[in-house]
Amino acid sequence: MSAPDFILRTIDLIKVYRSGKVDVPALQGVDVGIERGEYVAIMGPSGCGKSTLLHLLGGLDHPTSGKVFLDNIEISSCSDGQRTRLRRERVGFVFQRFNLLPTLSVLGNLEVARAIHSNGAMMVPYGRLREMLVLVGLESKMRRKPSELSLGEQQRVAIARALIHQPAIVLADEPTGNLDTTNSMNILRLLQELNRTLKQTIVMITHNPEAAAVGHRIIEMRDGKVVSGATSRAPAVIP
């Protein structure tokens, strides 16, 4: 059996926040491995450490101790500037709040993302914008502003923005949290299709068991620890 091809891996990850004079442990020795091409859901009750773990995986925060490896680079020992560059080059983020620029069109929002992710030799081709709009089914609405789109369509724009630079991994924090059932299923279907056709690695935080079921694996957390999640399985089929 060949060794796992981990795109993301943590070793004894600990994160402690300071609240006044009290230490508040958010993560307590978390060890996880995400293989290239996996679609993994992270579940658990509020306050269990899911969002903290996602922020550390994406280099948005620094652990108290332990290590995080992204594409074989130990980002936990990088400087702020180095982590910023790694995020720009290798990570795509999708959040519960779409964070679109309201005064810009769909295309304008993607153009801003293209400018952010283009740097020197790493220039995102302009044709990538239309390619992403076709992929998420919004080519006909590229001139509309976010206020002229449904919530589901706005999240599709956010997903296109996250993919604009062909990231090594997409980190999605409750991507269906603001959506109704129909739009939620459409977004989950899109994420599953991106994983299947593009082999896009996806790590998604969710409270919804139905949303978690569309991935290959569910990592369950309690009180800052991983309590299960080692076994891969066939993802659920979205009707």
Side-chain angles (χ1 to χ4, degrees), residues 4-17 24-64 66-71 75-76 87 90-97 155 158-159 162-163 167-179 184-185 187-192 194-196 199-236 238:
D5 181 16
F6 289 126
I7 189 78
L8 263 178
R9 184 165 58 98
T10 73
I11 299 175
D12 196 22
L13 202 59
I14 293 174
K15 181 65 178 181
V16 178
Y17 293 104
V24 180
L27 296 179
Q28 304 184 61
V30 170
D31 296 301
V32 296
I34 311 296
E35 293 191 49
R36 201 176 302 272
E38 265 197 302
Y39 184 165
V40 176
I42 302 176
M43 291 192 69
S46 296
C48 72
K50 301 187 303 296
S51 293
T52 297
L53 176 58
L54 198 78
H55 291 167
L56 294 177
L57 292 177
L60 293 171
D61 199 358
H62 195 273
T64 302
K67 297 180 179 180
V68 181
F69 293 89
L70 171 59
D71 221 1
I75 63 174
S76 47
R87 287 196 304 271
R90 299 171 189 253
V91 183
F93 292 98
V94 180
F95 298 103
Q96 181 175 346
R97 299 180 184 277
Q155 189 63 294
I159 291 171
L163 294 170
I169 190 163
V170 168
L171 301 178
D173 191 352
E174 295 282 3
T176 62
N178 283 338
L179 305 179
S184 292
M185 289 299 103
I187 291 300
L188 292 172
R189 189 180 295 111
L190 174 60
L191 291 173
Q192 194 175 61
L194 294 172
N195 172 257
R196 186 181 67 83
K199 308 302 180 187
Q200 178 65 61
T201 308
I202 299 171
V203 177
M204 176 181 69
I205 284 180
T206 181
H207 285 93
N208 186 342
E210 293 181 355
V214 307
H216 300 116
R217 183 158 55 102
I218 299 173
I219 295 174
E220 293 191 45
M221 295 187 67
R222 293 287 187 280
D223 301 322
K225 299 177 182 179
V226 171
V227 295
S228 69
T231 304
S232 291
R233 54 171 174 70
I238 304 175

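Model, not experiment: these values are computed from the prediction.
Every residue was checked against the ring-ring contact (aromatic ring centres under 6.0 Å, His included) condition with Phe6, not counting sequence neighbours, and none meets it. Listed by chain and residue number, Asn178 satisfy the side-chain hydrogen bond (donor to acceptor under 3.5 Å, both in side chains) test with Gln96 (two or more places apart in sequence, or in another chain). By the side-chain hydrogen bond (donor to acceptor under 3.5 Å, both in side chains) test, Arg87 pairs with Thr84, sequence neighbours left out. With sequence neighbours left out, the side chain to side chain contact (heavy atoms under 4.5 Å, CB included) criterion links Pro175 to Val94, Gln155, Ala172, Leu191, Met204. Residues satisfying the salt bridge (charged side-chain N to carboxylate O under 4.0 Å, His left out) criterion with Asp173, sequence neighbours excluded, are absent altogether. For Pro45, the side chain to side chain contact (heavy atoms under 4.5 Å, CB included) partners at least two apart in sequence or on another chain are Cys48, Arg222. Shown here are the ring-ring contact (aromatic ring centres under 6.0 Å, His included) partners of Phe69, two or more places apart in sequence or in another chain: there are none. Applying the salt bridge (charged side-chain N to carboxylate O under 4.0 Å, His left out) rule to Arg196 yields the partners Glu193; only residues at least two apart in sequence or on another chain are considered. Listed by chain and residue number, nothing satisfies the salt bridge (charged side-chain N to carboxylate O under 4.0 Å, His left out) test with Asp12 (two or more places apart in sequence, or in another chain). By the side-chain hydrogen bond (donor to acceptor under 3.5 Å, both in side chains) test, Ser184 is found to be paired with no residue, residues two or more places apart in sequence or in another chain being considered. For the side chain to side chain contact (heavy atoms under 4.5 Å, CB included) test, residues two or more places apart in sequence or in another chain that qualify with Asp5 are Arg36.
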Is there a side chain to side chain contact (heavy atoms under 4.5 Å, CB included) between His216 and Asn195 once you walk through the steps? CA-CA 10 Å; His216 300 116; Asn195 172 257; 3.2 Å; yes
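Each salt bridge (charged side-chain N to carboxylate O under 4.0 Å, His left out) pair with one or both residues in residues 47-63, not counting sequence neighbours, appears once here: Lys15-Asp61.
Screening Ile75, Ile34, Val32 for a side chain to side chain contact (heavy atoms under 4.5 Å, CB included) involving Leu8 leaves a single residue, Ile34.
Val214 approaches Glu210 most closely through the heavy-atom pair CG1-O, 3.8 Å. Across every non-hydrogen atom of Ala162 and Pro167, the tightest pair is O-CG, 3.4 Å. Here the closest non-hydrogen pair linking Leu53 and Met221 is CD2-SD, 3.8 Å.
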